[in-house]
Every structure is written in structure tokens, then in C-alpha cells.
Amino acid sequence: MESTAIAPAPTRRVLWVVRVLQGLVVLFFLFDVVGKYALLPGVADAFARQQMPLALAPVIATLLLVLTVLYVVPRTSVLGAVLLTGYLGGACACNLRAGFSAFEVLFPIVTGALMWTPIYVLEPRLRELLPIRRP
């Protein structure tokens with residue numbers, strides 16, 4: 001028999017923690033966007049290490065900005081998270097291909113997990129789809 005129980009709403013405390021976490025993830029994405037538009041030395045170094053043309057930095061920054069806006073808007077946050085997951089997967093693959101350190105390869109994965117946490121907590125349909133069993 002299928003359960004029709006509605007997942008309980010998160011408490012105010014949990015909501016604030018989730019908002020702070022989501023804000024930190026968004027700030028990181030925006031910091032990355034600004035770095036790519038400004039062609040900061042760290043960005044230029046990373047592009048050189050990946051053997052990627054630096055001219056792509058603004059294009060990638062625009063893509064990340066659009067996806068971040070989708071993630072921030074509540075109505076499109078799940079779509080934004082799905083598309084950002086693809087973006088972060090591509091970043092992970094590029095870093096792995098270029099021989100970056102384990103931290104640099106795993107960082108996009110950690111960022112993706114942090115990005116999905118607020119949506120999981122706030123979206124009851126997602127919690128029903130992917131239930132986490134507590135002992």
C-alpha cells in the first residue's frame with residue numbers, strides 16, 4: 001500500500017539554516033561569475049591548466065549566472081538545481097581531465113550536495129521521491 005502521509009513542514013530554525021546555506025551557495029556562484037567576467041589571475045591560471053581558451057570565461061560566466069538565477073527563483077529552483085548539477089558535473093570532468101588535485105575535482109561535487117540540501121528540505125515532493133530513512 002502506498003503511503004499518502006504529508007511530510008512535516010520544516011521548523012523556523014531549519015528554515016533559517018537552509019536559507020543561510022542556500023545564500024552561501026549562491027554567493028559562491030556569484031563570486032565565480034564575477035571572477036570569470038573580470039578574468040582574474042586565478043581564473044586565467046585555471047583555464048590555462050585546463051587548456052581551455054580564456055575567451056570562453058565570459059560565456060561560461062553568463063551560463064552560470066542564468067542557472068543561478070533559475071536556482072534562486074522559488075518557482076524554477078528545482079530546474080535550476082538540475083541544470084547546475086550538469087554544470088558542476090562538467091566542471092568536475094574538466095578538472096579531472098586536466099589532472100587537478102583531488103580537492104579541485106571533488107569541490108564541484110560538494111558544492112552540488114550543498115546546493116541540493118535546501119531544496120530537499122523545502123520541497124516536500126522531493127522528500128517523498130527520495131526519502132531518507134531515520135533509524
Side-chain angles (χ1 to χ4, degrees):
M1 179 181 258
E2 192 174 313
S3 173
T4 58
I6 297 174
T11 64
R12 287 181 60 133
R13 186 177 185 177
V14 170
L15 281 175
W16 275 106
V17 169
V18 163
R19 287 179 183 143
V20 168
L21 180 60
Q22 189 171 30
L24 290 173
V25 169
V26 168
L27 283 174
F28 170 74
F29 287 148
L30 294 177
F31 175 77
D32 196 27
V33 165
V34 169
K36 284 179 176 44
Y37 277 134
L39 301 175
L40 296 177
V43 171
D45 177 56
F47 272 70
R49 289 171 48 207
Q50 290 175 333
Q51 299 178 350
M52 190 178 297
L54 192 56
L56 288 179
V59 175
I60 294 171
T62 302
L63 174 65
L64 180 56
L65 182 60
V66 169
L67 297 181
T68 301
V69 168
L70 285 173
Y71 176 69
V72 169
V73 175
R75 191 174 188 126
T76 59
S77 63
V78 174
L79 173 63
V82 168
L83 295 173
L84 279 165
T85 300
Y87 173 89
L88 292 169
C92 182
C94 287
N95 292 350
L96 187 63
R97 181 194 155 276
F100 282 20
S101 70
F103 173 78
E104 293 168 306
V105 171
L106 294 175
F107 190 78
I109 295 170
V110 173
T111 304
L114 291 174
M115 174 190 68
W116 272 101
T117 301
I119 292 178
Y120 185 83
V121 171
L122 296 175
E123 184 58 57
R125 293 174 297 175
L126 185 59
R127 289 196 311 271
E128 289 175 13
L129 183 65
L130 302 168
I132 294 178
R133 306 277 184 226
R134 292 190 176 106

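Rounding to the nearest 0.5 Å places CG of L130 at 13.0 Å from CZ of R125. Atom CH2 of residue W116 and atom CG of residue L88 lie 11.5 Å apart, to the nearest 0.5 angstrom. Atom CG in L54 sits 10.5 Å away from atom NZ in K36 (nearest 0.5 Å). Annotation: the span from L70 atom CG to T76 atom OG1 amounts to 4.5 Å, rounded to 0.5 Å.
In this structure, the side chains of F47 and I60 come closer than 4.5 Å at one or more pairs of heavy atoms. For the pair C94 and M52, the minimum side-chain heavy-atom distance is below 4.5 Å. For the pair V78 and I119, the minimum side-chain heavy-atom distance is below 4.5 Å. At a threshold of 4.5 Å between non-hydrogen side-chain atoms, the residues R97 and Q51 count as touching.
Annotation: cation-pi geometry not satisfied between R13 and W16 (NZ/CZ under 6.0 angstrom from ring centroid, within 45° of ring axis).
The cluster map of Ile, Leu, Val, Met, Phe, Trp and Tyr, joined by side-chain heavy atoms under 4.5 Å apart, puts M115 and F107 in the same cluster. A continuous path of hydrophobic side-chain contacts links Y71 to Y120 [ILVMFWY only; heavy atoms under 4.5 Å]. When the side chains of ILVMFWY residues are joined at heavy-atom separations under 4.5 Å, either directly or via intervening members, V82 and V72 end up in a single hydrophobic cluster. Side-chain heavy atoms closer than 4.5 Å link hydrophobic residues (I, L, V, M, F, W, Y) into clusters, and following such links, even through other members, never connects V105 to V43. Using a 4.5 Å cut-off between side-chain heavy atoms of Ile, Leu, Val, Met, Phe, Trp and Tyr, with links allowed through other members, L65 and L67 fall into the same hydrophobic cluster.
Residues L39 and A57 share a closest heavy-atom pair of CD2-CB, 3.6 Å. In terms of heavy-atom proximity, C92 sits nearest to I109 at SG-CD1, 3.8 Å.
Side-chain atoms of T11 come within 3.5 Å of backbone atoms of V14 as a donor-acceptor pair (strictly under, hydrogens ignored). The closest donor-acceptor contact from the side chain of N95 to the backbone of F100 lies at 3.5 Å or more, if one exists at all.
Ring pair F29/Y87: centre-to-centre distance not below 6.0 Å.
Each of V59, D32, L30 was evaluated against L64; a single residue qualifies, D32, per the side chain to side chain contact (heavy atoms under 4.5 Å, CB included) test.
Atom CZ of R49 has more than 12 heavy atoms from other residues, nucleotides or ligands within 6.0 Å.
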Would you please test V18 and L15 for side-chain contact (heavy atoms from CB on, under 4.5 Å) and show each step? CA-CA 5 Å; V18 163; L15 281 175; 5.6 Å; no

In sequence, state the C-alpha distance, the side-chain angles, and the governing distance for T62 and Y37, and then conclude on side-chain hydrogen bond (donor to acceptor under 3.5 Å, both in side chains). CA-CA 8 Å; T62 302; Y37 277 134; 2.6 Å; yes

